[in-house]
K.L.:
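What follows is a single structure, and I will ask about it in a moment.
Hydrogens, waters and symmetry mates play no part in the numbers below; they use all other heavy atoms, side chains included. All figures in this text were calculated on a predicted structure; none of them were measured in a lab.
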Amino acid sequence: MFSTIAVPSTQAKPHHHREVSAVPESEVLRRRNEELEKELKKSIEREEKMRQDLKKTWERLRVAEEAEERLCSQLGELEAEAVDQARAYRTRVINLMDQLSSAHKLLESASISVPNFR
């Protein structure tokens with residue numbers, strides 16, 4: 001009689017370290033695909049909002065630049081007007097000084113004493 005002893009072998013079956021899930025792989029992929037589609041949609045929405053914000057900012061910049069141009073033009077016109085007024089005022093002062101000088105000479109020639117206000 002032969003006696004046999006059963007010894008379990010560790011090499012009899014290769015061990016796979018994969019978890020066996022109750023959810024099929026196609027379902028996992030479908031869910032992951034849905035998640036990615038949602039993320040893509042959100043990303044596209046963010047991009048569109050940023051594009052609209054950029055467009056609004058660009059329009060405000062354009063309006064500001066036009067306003068700056070108008071203000072510079074108005075400032076130039078005011079400066080030119082101020083120069084013209086200053087020249088006219090100087091001319092008027094010179095004319096008044098000439099008239100005063102002529103009147104002073106006329107009075108001196110008539111031997112009338114005029115008080116000096118200087």
K.L.:
Do the side chain of Thr91 and the main chain of Arg87 share a donor and acceptor less than 3.5 angstrom apart?
P.N.:
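Checking the backbone N and O of Arg87 against the side chain of Thr91, a donor-acceptor pair under 3.5 Å is found.
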K.L.:
For residues 33-46, pull every pair meeting salt bridge (charged side-chain N to carboxylate O under 4.0 Å, His left out), keeping only residues two or more places apart or in separate chains.
P.N.:
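Sorted pair list: Arg30-Glu34, Arg32-Glu35.
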K.L.:
How long is the gap from OG on Ser26 to CG on Asn33, to the nearest 0.5 Å?
P.N.:
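It comes to 12.0 Å.
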K.L.:
In a check of side-chain contact (heavy atoms from CB on, under 4.5 Å) between Gln52 and each of Met50, Glu48, Lys55, which one passes?
P.N.:
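For Gln52, the side-chain contact (heavy atoms from CB on, under 4.5 Å) check succeeds only for Glu48.
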K.L.:
How does the hydrophobic cluster around Ile44 look, that is, which other residues are in it when side-chain heavy atoms under 4.5 Å mark a link?
P.N.:
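In the cluster with Ile44 are Leu40.
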K.L.:
When rounded to the nearest 0.5 angstrom, what is the spacing between OG in Ser101 and NZ in Lys105?
P.N.:
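It is 4.0 Å, given to the nearest 0.5 Å.
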K.L.:
Quick one: does His104's side chain get under 4.5 Å of Leu100's, heavy atoms only?
P.N.:
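Result no, sub-4.5 Å side-chain heavy-atom pair not found.
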K.L.:
What donor-acceptor contacts under 3.5 angstrom involve side-chain atoms of residues 62-73, with partners at least two apart or in another chain?
P.N.:
unit_1	atom_1	unit_2	atom_2	d
Arg62	NE	Glu59	OE1	3.3
Arg62	NE	Glu59	OE2	3.4
Arg62	NH1	Glu66	OE1	3.4
Arg62	NH1	Glu66	OE2	2.5
Arg62	NH2	Glu59	OE2	2.3

K.L.:
Once rounded to the nearest 0.5 Å, what's the spacing between atom CG of Asn95 and atom CZ of Arg90?
P.N.:
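These two atoms lie 11.0 Å from each other.
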